[in-house]
Amino acid sequence: VDIVKIESDDFSFQVLPTRGMNIWKIRAGETVYGWQSLAKGPVHPCYVPLMEPGGLGWLDGFDEVFVRCGLESNGAPEHDSETGQLKYPLHGKIGNTPARVVRVSLDGDTVKVVGIVEESRFHFMKMRLTSTLSWKIGSSSLEIEDEIENLSASDHEVQMLYHINFGVPLLDAGSRFIAPLKTVVPRNDHAATSMDGWENYAGPTPGYEEQVYLLEMHGDADGNTKTVLKNAHSTAGVAIRYNVKELPCYTVWKNTTAVEDGYVTGLEPGTNYPNPRSHEGEQGRVIRIAGNQKTSLHVGMDFLTSEGSVRSAEADVKKLAIAEPEVFDAPQKGWCFGVE
C-alpha cells in the first residue's frame with residue numbers, strides 16, 4: 001500500500017493512493033484524529049472482497065478518517081429481487097480503487113497531493129476522479145476538491161458520499177454534534193428511539209447498536225455551510241465545510257460501542273443518503289453528468305485544537321442556523337428505504 005506522508009511539527013496527514021486517495025490519519029498538535037478499527041490497515045484492495053454475496057466486504061478494509069463512497073453507488077448493499085445476486089456492494093468501489101497517477105507539489109506555501117482514480121468497466125461506467133488535497137503550511141485545515149469527469153460520450157449518473165470518521169480521543173462521553181439543521185429524520189425505528197438528544201454522544205458502550213440520522217442543512221447565500229463535532233469539554237473538535245448545492249444530503253452515523261469494537265461516529269456530506277442505489281435513484285438523488293463533461297465537489301476540514309477555535313466554529317454555525325429545524329420522530333417515506 002502506497003502512503004503519501006505530509007509532516008510538520010504541528011500538523012501531518014497520510015494519504016492512501018492505493019485506496020482511492022482516502023486519508024488514513026491526521027494529526028493536529030498532539031492529537032491524532034481517526035479511530036480504532038478492527039480492520040488493521042491500511043488494507044490493500046486485493047484483500048477486500050467487495051463483491052462477496054452479502055455485499056458487506058467493504059468493511060474488511062474500512063479504517064480511515066476520510067473515505068470516499070461512490071461513484072456508481074455509495075449506500076447499503078442491493079441485491080437483484082429475482083436472482084438474489086449482488087448488484088451494488090456497500091459504499092461502492094472508488095475507495096478501494098488504486099490511483100493511476102499521483103503528484104505531490106509545493107505551490108508557494110501550499111502543499112498539493114493530486115491523484116487520478118478511474119472507475120470504469122467496458123459497456124458500463126467510464127468515470128475519472130481527479131482528487132486534489134491542499135494544505136497551507138502552518139494551518140490545521142485541509143481542502144479537498146474532487147473533479148469527476150465522464151469519459152463516455154453518453155450521459156451517466158454518479159453518487160458521492162464523504163465518510164469522515166472520528167473516535168477517541170476526540171469522541172468521548174459528552175461529545176456533541178452542532179450544525180445549522182434544517183431537517184432531521186431517523187433512518188429506522190431504532191434510531192427514532194433516541195430523538196431526544198440524538199446529537200449527543202455516549203461514552204463507549206459494549207453492545208451498542210448503531211444509529212443513523214438523515215439531515216438537511218441551511219447554508220449561506222452561496223450554499224456554503226459548516227458542521228462541528230466537539231469533545232465534552234469543548235477543548236477540541238473538527239469543523240466540516242461544504243456546499244449544500246453540491247452535497248445536499250448529510251448523514252450522521254453513531255457507533256458508540258466499545259473502543260475495541262469500533263467506537264466511532266461518521267459525519268457524511270453527500271449527493272444522497274446511503275440507502276440502496278435504486279431507491280436513491282428513484283428519489284433523484286444523483287448527479288447526472290453529460291458525455292465528456294465534468295463536475296466538481298468540495299469539502300474542507302478544520303481541526304480545532306483550543307477552546308477559542310471551538311467557540312469560533314460554533315459561532316459560525318449559529319449564524320447559519322436561520323430557523324428552527326423540522327425534526328421527525330419516525331422514519332419518513334422517500335428519505336428512508338422501506339418506508340411506505
Side-chain angles (χ1 to χ4, degrees), residues 1-43 61-68 95 99 102 104-107 109-115 131-145 162-172 175-177 201 204 226-242 255 259-260 262-269 299-314:
V1 177
D2 292 329
I3 305 175
V4 177
K5 297 181 179 180
I6 308 297
E7 298 182 308
S8 73
D9 289 342
D10 298 323
F11 192 80
S12 66
F13 57 96
Q14 301 178 35
V15 183
L16 302 177
T18 310
R19 291 183 53 81
M21 299 299 291
N22 292 337
I23 305 174
W24 188 31
K25 304 290 185 184
I26 299 170
R27 177 182 59 81
E30 299 300 320
T31 302
V32 176
Y33 291 81
W35 63 292
Q36 298 180 30
S37 171
L38 275 72
K40 304 302 182 184
V43 179
F62 174 45
D63 85 327
E64 299 101 324
V65 65
F66 182 95
V67 182
R68 291 175 183 81
V102 182
V104 182
S105 64
L106 179 61
D107 183 5
D109 62 355
T110 301
V111 177
K112 293 188 176 182
V113 183
V114 179
S131 168
T132 302
L133 192 155
S134 302
W135 171 62
K136 185 176 181 179
I137 296 172
S139 79
S140 50
S141 298
L142 292 175
E143 309 294 332
I144 295 99
E145 178 180 9
Y162 295 99
H163 210 303
I164 308 172
N165 312 291
F166 301 100
V168 294
L170 174 60
L171 192 68
D172 59 8
S175 286
R176 184 176 176 85
F177 175 71
Y201 289 85
K226 177 184 288 189
T227 69
V228 172
L229 175 69
K230 67 174 185 175
N231 67 5
H233 296 289
S234 299
T235 56
V238 61
I240 297 174
R241 295 175 280 106
Y242 68 102
N255 191 64
V259 172
E260 53 267 44
Y263 179 71
V264 64
T265 188
L267 311 180
E268 308 170 16
V299 175
M301 295 187 291
D302 305 322
F303 295 89
L304 314 172
T305 57
S306 67
E307 292 184 46
S309 61
V310 172
R311 283 197 303 269
S312 178
E314 287 187 84

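Just so it is clear, the values below take in all heavy atoms, side chains as well, and ignore hydrogens, waters and symmetry mates. All residue numbers in this chain count up from 1 along the given sequence.
Residues that satisfy the ring-ring contact (aromatic ring centres under 6.0 Å, His included) test with Tyr263, not counting sequence neighbours, are absent from this structure. The side-chain contact (heavy atoms from CB on, under 4.5 Å) check on Leu38 picks up nothing, with sequence neighbours excluded. Among residues two or more places apart in sequence or in another chain, the salt bridge (charged side-chain N to carboxylate O under 4.0 Å, His left out) test is passed with Glu64 by Arg19. Qualifying salt bridge (charged side-chain N to carboxylate O under 4.0 Å, His left out) partners for Lys25, counting only residues two or more places apart in sequence or in other chains: none. Under the ring-ring contact (aromatic ring centres under 6.0 Å, His included) criterion, Trp35 pairs with Phe62, not counting sequence neighbours. With sequence neighbours excluded, the residues forming a salt bridge (charged side-chain N to carboxylate O under 4.0 Å, His left out) with Asp302 are Arg241, listed by chain and number. For Ser37, the side chain to side chain donor-acceptor pair (under 3.5 Å) criterion is met by no residue, not counting sequence neighbours. Scored by the side chain to side chain donor-acceptor pair (under 3.5 Å) test, Tyr162 finds Asp146 as partners (sequence neighbours excluded). Applying the ring-ring contact (aromatic ring centres under 6.0 Å, His included) rule to Tyr201 yields no partners; only residues at least two apart in sequence or on another chain are considered. With sequence neighbours excluded, the residues forming a side-chain contact (heavy atoms from CB on, under 4.5 Å) with Ala99 are Pro17, Met21, Val102, Val117, listed by chain and number. With sequence neighbours left out, the side-chain contact (heavy atoms from CB on, under 4.5 Å) criterion links Lys136 to Asp109, Thr110, Ser139.
Shortest non-hydrogen contact noted between Gly41 and Trp24 is O-CZ2, 3.1 Å. Heavy atoms only, all atoms of each residue included: Val259 and Pro204 are closest at CG2-CG, 3.6 Å. Closest approach of Tyr33 to Leu304, counting heavy atoms only: OH-O, 3.5 Å. Closest non-hydrogen pair, Lys226 versus Ala313, comes out as CD-O, 4.1 Å. Heavy atoms only, all atoms of each residue included: Thr31 and Pro169 are closest at CG2-CG, 3.8 Å. Taking both residues in full, the closest heavy atoms of Pro269 and Ile240 are given as CG-CG2, 4.4 Å, listed atom of the first, atom of the second, then distance.
The neighbour count for Lys5 NZ, taken as heavy atoms of other residues, nucleotides or ligands under 6.0 Å away, does not exceed 12.
Judged by distance alone, the side chain of Asp172 and the main-chain N or O of Asn231 form no donor-acceptor pair under 3.5 Å. A donor-acceptor contact shorter than 3.5 Å is absent between the side chain of Asn165 and the backbone of Val264. A side-chain donor-acceptor contact under 3.5 Å links Thr18 to the backbone of Asp2.
Note on residues 7-16: pairs passing side chain to side chain donor-acceptor pair (under 3.5 Å), not counting sequence neighbours, are Ser12-Arg27.
Leu267 contributes atom CG, which lies 5.5 Å from atom CG of Leu229 (distance to the nearest 0.5 angstrom). Here Ser140 contributes atom OG and Met301 contributes atom CE; the two are 11.5 Å apart, rounded to the nearest 0.5 Å. Taking CD1 of Ile137 as the reference point, atom CD1 of Ile6 lies at 9.5 Å (rounded to 0.5 Å). Between the OH atom in Tyr242 and the CD1 atom in Ile164 there is a gap of 10.0 Å [rounded to 0.5 Å].
For the pair Asn22/Val15, no side-chain contact is recorded, criterion being any heavy-atom separation below 4.5 Å from C-beta on. In this structure, the side chains of Phe66 and Ile144 come closer than 4.5 Å at one or more pairs of heavy atoms.
In this structure, Phe11 and Phe303 have tilted ring planes: the angle between them lies in the 30° to 60° band.
Tested against Leu133, the residues Val114, Val111, Val299, Ile23 include a single side chain to side chain contact (heavy atoms under 4.5 Å, CB included) partner, Ile23.
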